[in-house]
Amino acid sequence: MQAWQVHENGEPSEVMRLADVARPVPGDGQVLLKVRAANINFPDVLMCRGHYQVRPPLPFTPGVEICGETEDGRRVIANPALPHGGFAEYAVADAAALLSAPDSLDDAEAAALHIGYQTGWFGLHRRAHLEAGETLLVHAAAGGVGSAAVQLGKAAGATVIGVVGGAEKAAVARELGCDVVVDRRSEDVVAAVKEATGGRGADVIYDPVGGEAYTQSTKVVAFEGRIVVVGFASGSIPSPGLNHALVKNYAILGLHWGLYNTKNPKLVQHCHEQLTELAARGAIKPLVSERVPLAGAADAVQRLGDGVTTGRIAVVPTGAQA
């Protein structure tokens, strides 16, 4: 089969190599899956660079979320078991963690319903307890993680403010349903959010960016607001001033979605049921901005790492249906 492999750490476009390799052999409790679509996530970029908390042995195949097909023809959503990731024609995954792919979504959309939407659901509902009528601010609102949070926030009845970088991404954020869009490249984020909220600020802030975005969040978080720390796509990990959190009376909440797979896997299944229901009634629909062939995976991963993509890019192996 064909699979992308990383033999050394570095920029994805330089270290990912497409090769003919043997199909992976499932271990105990694992199944072999034919990859129908694999979505590109920021952890794929970080793993190529050697900066992710999980460091699979070299060489490894990146690709942490797929829609695959079991040997008996079932469509499933899975996180492949590294080092046999999803940017390949076949992958392996833990049988106990497979989720049914919703009939309402195609393969690429189904694959995208997993990590980003699970992270959004846990962040907004399990950690921040977002309520209808509250204001939600989403950083990087046009990206894969941010777009999921925007849709989930609207589905929960919140007013959503999306922060983006550039006019193209601003247009995407509006199409996603943001009530207010702030272009950080041409607007003062803090002033714009305060104006949009009448000076009150945002009740919940969803931050997959870190760095300057986190600093902005502390200036616009409302009384009893909650900042959900999801990741650090900017490459800069902020150091919160806890005296500031005390004086302004807000909460800083960390979210590591992957822990739920081991600490409370029943919640992951419950979340998937909620997401499947929302997708069935059209309340959420993953934004798949591109579908590229397997040969285009390295370039697409690099573009995500460079911050020039919107939504999710799906890698579709030859012969698969997207």
**OP:** Determine whether P238 and T215 make a side-chain contact, defined as any pair of heavy atoms from C-beta on separated by less than 4.5 Å.
**Re:** no
Original post:
In this structure, are over 12 heavy atoms from other groups packed under 6.0 Å from N9 atom CG?
Top reply: yes
Original post:
Closest heavy-atom contact between A110 and R75?
Top reply: CB-NH1, 4.3 Å
Original post:
Do V64 and Y52 belong to the same hydrophobic cluster, where Ile, Leu, Val, Met, Phe, Trp and Tyr are linked whenever their side-chain heavy atoms lie under 4.5 Å apart, directly or via other members?
Top reply: yes
**OP:** Hey, could you give me the OH/CD distance between Y260 and Q118, rounded to the nearest 0.5 Å?
**Re:** 11.0 Å
Subject >> V190 vs Q216 side-chain heavy atoms within contact, under 4.5 Å >> reply: yes
Original post:
Going through the distances and angles, do I40 and R303 end up as a side chain to side chain contact (heavy atoms under 4.5 Å, CB included)?
Top reply: CA-CA 10 Å; I40 300 173; R303 286 189 286 120; over 6 Å; no
Original post:
Would R74 and E69 satisfy side chain to side chain contact (heavy atoms under 4.5 Å, CB included), going step by step from the backbone distance to the final call?
Top reply: CA-CA 5 Å; R74 290 185 300 125; E69 184 178 327; over 6 Å; no
Original post:
Roughly how far, to the nearest 0.5 Å, is the CZ atom of R36 from the CD1 atom of I77?
Top reply: 12.0 Å
Original post:
Side chain of R184, backbone of V189: donor and acceptor closer than 3.5 Å?
Top reply: no
Subject >> Sub-4.5 Å side-chain heavy-atom contact between H139 and P208 >> reply: yes
Subject >> Test side chain to side chain contact (heavy atoms under 4.5 Å, CB included) applied to Q269 and L99, step by step >> reply: CA-CA 8 Å; Q269 179 61 47; L99 301 170; 3.2 Å; yes
Original post:
If you measure from CG on L137 to CD1 on I161, what distance do you get to the nearest 0.5 Å?
Top reply: 5.5 Å
Original post:
Do N41 side-chain atoms and D44 backbone N/O form a donor-acceptor pair below 3.5 Å?
Top reply: no
Original post:
Are more than 12 heavy atoms from other residues, nucleotides or ligands located less than 6.0 Å from atom NZ of K248?
Top reply: yes
Original post:
Which class fits the ring pair H270 and W121: parallel under 30°, tilted 30 to 60°, perpendicular over 60°?
Top reply: perpendicular
Original post:
Does M47 reach the side chain of V6, with side-chain heavy atoms less than 4.5 Å apart?
Top reply: no
Original post:
For the residue pair L294 and P317, what are the closest heavy atoms and their distance?
Top reply: CB-CA, 4.2 Å
Original post:
Taking C-beta and beyond as the side chain, do L287 and R312 meet within less than 4.5 Å on heavy atoms?
Top reply: no
**OP:** Determine, stepwise, if the pair K219 / H244 fulfils side chain to side chain contact (heavy atoms under 4.5 Å, CB included).
**Re:** CA-CA 10 Å; K219 296 177 180 179; H244 192 262; 5.8 Å; no
Subject >> Any donor-acceptor N/O pair, E134 side chain to D203 backbone, under 3.5 Å >> reply: no
**OP:** Any chance you could lay out the salt bridge (Lys or Arg N to Asp or Glu O under 4.0 Å) test for D183 and K169, step after step, and finish with the verdict?
**Re:** CA-CA 8 Å; D183 184 348; K169 293 185 178 183; over 6 Å; no
Subject >> Donor-acceptor under 3.5 Å (T135 side chain, T159 main chain) >> reply: no
**OP:** Following the transitive rule for hydrophobic clusters with a side-chain heavy-atom cut-off under 4.5 Å over Ile, Leu, Val, Met, Phe, Trp and Tyr, establish whether M16 and V35 coincide in one cluster.
**Re:** no
**OP:** Report yes or no: does R226 contribute a side-chain atom to a donor-acceptor pair with the main-chain N or O of A128 at less than 3.5 Å?
**Re:** yes
Original post:
Would a distance-only check, ignoring hydrogens and angles, find a side-chain to backbone donor-acceptor pair under 3.5 Å from S289 to T310?
Top reply: yes
Original post:
Closest heavy-atom contact between A314 and V288?
Top reply: CB-CG1, 4.1 Å
Original post:
Is a donor on one side and an acceptor on the other found under 3.5 Å between the side chain of H272 and the backbone of L113?
Top reply: no
Subject >> Smallest separation among heavy atoms of A295 and L18, with atom names >> reply: CA-CD2, 4.2 Å
Original post:
Got Q53 and P43 here, is their nearest side-chain heavy-atom distance under 4.5 Å?
Top reply: no
Original post:
When P286 is tested against each of L275, D106, L105 for side-chain contact (heavy atoms from CB on, under 4.5 Å), which residue passes?
Top reply: L105
**OP:** Measure the CD-SG distance between E109 and C67 for me, rounded to the nearest 0.5 Å.
**Re:** 10.5 Å
Subject >> Check: Y214 and P240 side chains under 4.5 Å, non-hydrogen atoms >> reply: yes
Original post:
Which heavy atom of L33 sits nearest a heavy atom of A78, and at what distance?
Top reply: CD1-CB, 3.8 Å
Original post:
Any sub-3.5 Å donor-acceptor pair from D94's side-chain atoms to Q30's backbone N or O?
Top reply: no
**OP:** Output the distance between atom CD1 (I115) and atom CD (E65), rounded to the nearest 0.5 Å.
**Re:** 4.5 Å
**OP:** May I ask you to check whether over 12 heavy atoms, not counting those of E273, lie within 6.0 Å of atom CD?
**Re:** yes
Original post:
Is a donor on one side and an acceptor on the other found under 3.5 Å between the side chain of S234 and the backbone of V209?
Top reply: yes
Original post:
So do the side chains of L242 and I252 get within less than 4.5 Å of each other, counting heavy atoms only?
Top reply: yes
Original post:
Within a radius of less than 6.0 Å around CD of E212, do more than 12 heavy atoms belonging to other residues, nucleotides or ligands occur?
Top reply: yes
Original post:
Just by distance, do the side chain of Q151 and the backbone of L176 share a donor-acceptor pair under 3.5 Å?
Top reply: no
Original post:
With hydrophobic residues grouped by side-chain heavy-atom distances under 4.5 Å, do V204 and V193 end up in a single group?
Top reply: no
**OP:** With rounding to the nearest 0.5 Å, note down the distance linking OH in Y206 to CG in L130.
**Re:** 11.5 Å
Subject >> Residue D28 excluded, over 12 heavy atoms near CG under 6.0 Å >> reply: no
Subject >> Path from L46 to F232 over hydrophobic side-chain contacts below 4.5 Å >> reply: no
Original post:
At their closest point, which heavy atom of N39 faces which heavy atom of A112, and how far apart are they?
Top reply: ND2-N, 2.9 Å
**OP:** Verify the cluster assignment for V160 and L152: are they in a single hydrophobic cluster under the rule of side-chain heavy atoms below 4.5 Å apart?
**Re:** yes
**OP:** Let me know which of R23, H84, K34 forms a side chain to side chain donor-acceptor pair (under 3.5 Å) with Y90.
**Re:** R23
**OP:** Give a yes or no on whether R126 atom CZ has more than 12 heavy-atom contacts from other residues, nucleotides or ligands under 6.0 Å away.
**Re:** no
